Number of protein chains: 2
Amino acid sequence: MVVDISSGDTELSDDEVDRIFRALADATRRDILRRTLTGEASVSTLAAAYDMSFAAVQKHVAVLEGAGLVTKDPRGRERLVRGEPETIRRAQHLLHQFQAIWESRISRLDALLAEPPTT
Amino acid sequence: MVVDISSGDTELSDDEVDRIFRALADATRRDILRRTLTGEASVSTLAAAYDMSFAAVQKHVAVLEGAGLVTKDPRGRERLVRGEPETIRRAQHLLHQFQAIWESRISRLDALLAEPPTT
DNA sequence: GATATCTACAACCATTTGGTTGTATGTTAT
DNA sequence: ATAACATACAACCAAATGGTTGTAGATATC
């Protein structure tokens with residue numbers, strides 16, 4: 001049986017994957033991502049929600065943007081930040097691949113137990 | 001309609017989630033994880049696969065272990081490293097929650113379009 | 001036009017990260 | 001017992017991270 005795992009996604013480079021997971025490895029950034037998935041928000045609106053400087057929040061948004069988890073859309077003098085569900089889906093897909101590796105290990109063990117010894 | 005998202009997992013702290021995603025944010029560590037999901041391997045076996053010192057690989061394994069993505073099992077003089085699919089599943093679950101936030105946004109927009117104006 | 005607001009960006013700083021080498025300790029093999 | 005092997009761990013270093021403040025440029029508002 002052939003199982004197609006690919007789901008048609010463009011391949012992500014190691015660096016891109018690094019950036020995605022690194023961006024997710026910070027509670028503030030995960031919270032920003034949640035907010036911008038719920039609805040777009042300006043950088044200053046976001047900044048108001050956290051106990052740190054505007055510039056710090058700006059940097060967090062930049063990290064998310066660099067990972068493709070968020071995009072910024074100029075609207076007048078502000079930049080509206082939107083979460084990008086597609087990138088999240090890709091990260092999920094990556095984790096699914098790890099799961100698949102584990103599953104295939106089980107299959108191989110099953111096969112070993114099922115098959116009579118070759119020698 | 002009430003949707004239970006929890007899937008019965010124990011709650012992960014922000015720090016734990018940080019460690020999981022941070023551990024995944026490195027290509028060498030992702031590769032180690034793949035290998036140890038395929039089948040357990042000693043630290044030195046793993047180290048032989050990479051162009052870096054034994055100690056460096058040891059540190060990578062320690063990071064994965066700290067994130068709960070891997071466990072070490074003493075076997076004679078070596079430590080067999082095993083991947084932990086359950087932690088991967090939890091990370092997947094976290095990403096699924098982000099997806100759910102996005103989905104619920106869609107639902108709200110749909111509702112807005114479907115419902116007649118309240119005022 | 002003047003002023004306030006939102007963003008961008010540089011410079012700086014402390015801490016963490018990802019690598020190194022070296023040393024010590026436990027375990028197998030001769 | 002001695003030698004070889006697998007691991008642990010400390011000390012060190014360069015680079016990246018996560019924060020700060022300050023300055024400058026656009027855009028709105030009065």
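Side-chain atoms are counted along with the backbone in the values below, which use heavy atoms only and exclude waters and symmetry mates. Everything numeric here is computed off the predicted structure, so don't read it as measured data. Throughout, a chain's letter reflects where its sequence line sits, starting with A, and its residues are numbered from 1.
Using a 4.0 Å cut-off, some side-chain N or O of B:Gln58 falls inside it from OP1 or OP2 of D:dA8. Distances shorter than 4.0 Å separate none of the side-chain N or O atoms of A:Lys72 from OP1 or OP2 on C:dT7. Contact check, A:Ser53 against D:dG19: no side-chain N or O comes under 4.0 Å of OP1 or OP2.
Placement of B:Ile32 and A:Trp102 within a single hydrophobic cluster is found when ILVMFWY residues are connected by side-chain heavy-atom separations under 4.5 Å, directly or transitively. A:Leu46 and A:Leu80 end up in different hydrophobic clusters when Ile, Leu, Val, Met, Phe, Trp and Tyr side chains are linked at under 4.5 Å. The hydrophobic cluster containing A:Met52 also contains A:Val70, counting ILVMFWY residues as joined when their side-chain heavy atoms lie under 4.5 angstrom apart, directly or transitively. A:Tyr50 and B:Val17 fall within a single hydrophobic cluster, where Ile, Leu, Val, Met, Phe, Trp and Tyr side chains are chained together by heavy-atom contacts under 4.5 Å.
At a threshold of 4.0 angstrom between heavy atoms, the contacts of B:Ser44 are confined to the sugar-phosphate backbone, with no base atom among them. Nucleic acid contact for B:Arg29: sugar-phosphate only, since backbone atoms but no base atoms lie under 4.0 Å from a heavy atom of the residue. Within 4.0 Å of A:Thr28, counting heavy atoms only, lies no atom of the nucleic acid at all.
Partner A:Thr71 forms a side-chain hydrogen bond (donor to acceptor under 3.5 Å, both in side chains) with one of A:Arg79, A:Glu84, A:Glu65, A:Glu40 and no other, that one being A:Glu84.
Relative to the side chain of B:Val43, the nucleotides D:dG18, D:dT7, C:dT21 differ in distance, and D:dT7 lies closest. Comparing C:dG26, D:dT20, C:dG18 by their nearest atom to the side chain of A:Met52 picks out D:dT20. With distances taken from any side-chain atom of A:Phe54 to the nucleotides D:dA8, D:dA6, C:dA8, the minimum falls on C:dA8. Side chain of A:Arg77, nearest nucleotide from D:dG18, D:dA28, C:dC9: D:dA28. Distance from the side chain of A:Ala56 is smallest to D:dG19 among C:dT20, D:dG19, D:dT7. When distances run from any side-chain atom of B:Arg79 to the nucleotides C:dC6, D:dA8, C:dG18, the shortest one goes to D:dA8.
Whole-Å rounding puts the B:Leu80 CG to C:dT27 P distance at 14 Å. Taking atom OH on A:Tyr50 and atom P on D:dT20, their separation rounds to 14 Å, with Å as the unit. One atom, NE2 of A:His60, and another, P of D:dG18, lie 7 Å apart when rounded to the nearest Å. Taking atom CG on A:Asp26 and atom P on C:dT15, their separation rounds to 18 Å, with Å as the unit. For the pair B:Asp18 CG and C:dT17 C1', the computed distance is 15 Å after rounding to whole Å. Taking atom CZ of residue B:Arg22 and atom P of nucleotide D:dA16, one finds them 14 Å apart after rounding to whole Å. Regarding A:Glu65, its CD atom lies at a distance of 13 Å from the P atom of C:dT7, rounded to whole Å. If you take CD of B:Glu78 and P of C:dA29, they are 10 Å apart, rounded to a whole angstrom.
Put simply, the side chain of B:Lys72 reaches to within 4.5 Å of the side chain of B:Val81, judged on heavy atoms.
Comparing B:Ser42 and B:Lys59 by the nucleotide of DNA chain D that holds the closest heavy atom to each, the one mapping nearer the 5' end is B:Ser42.
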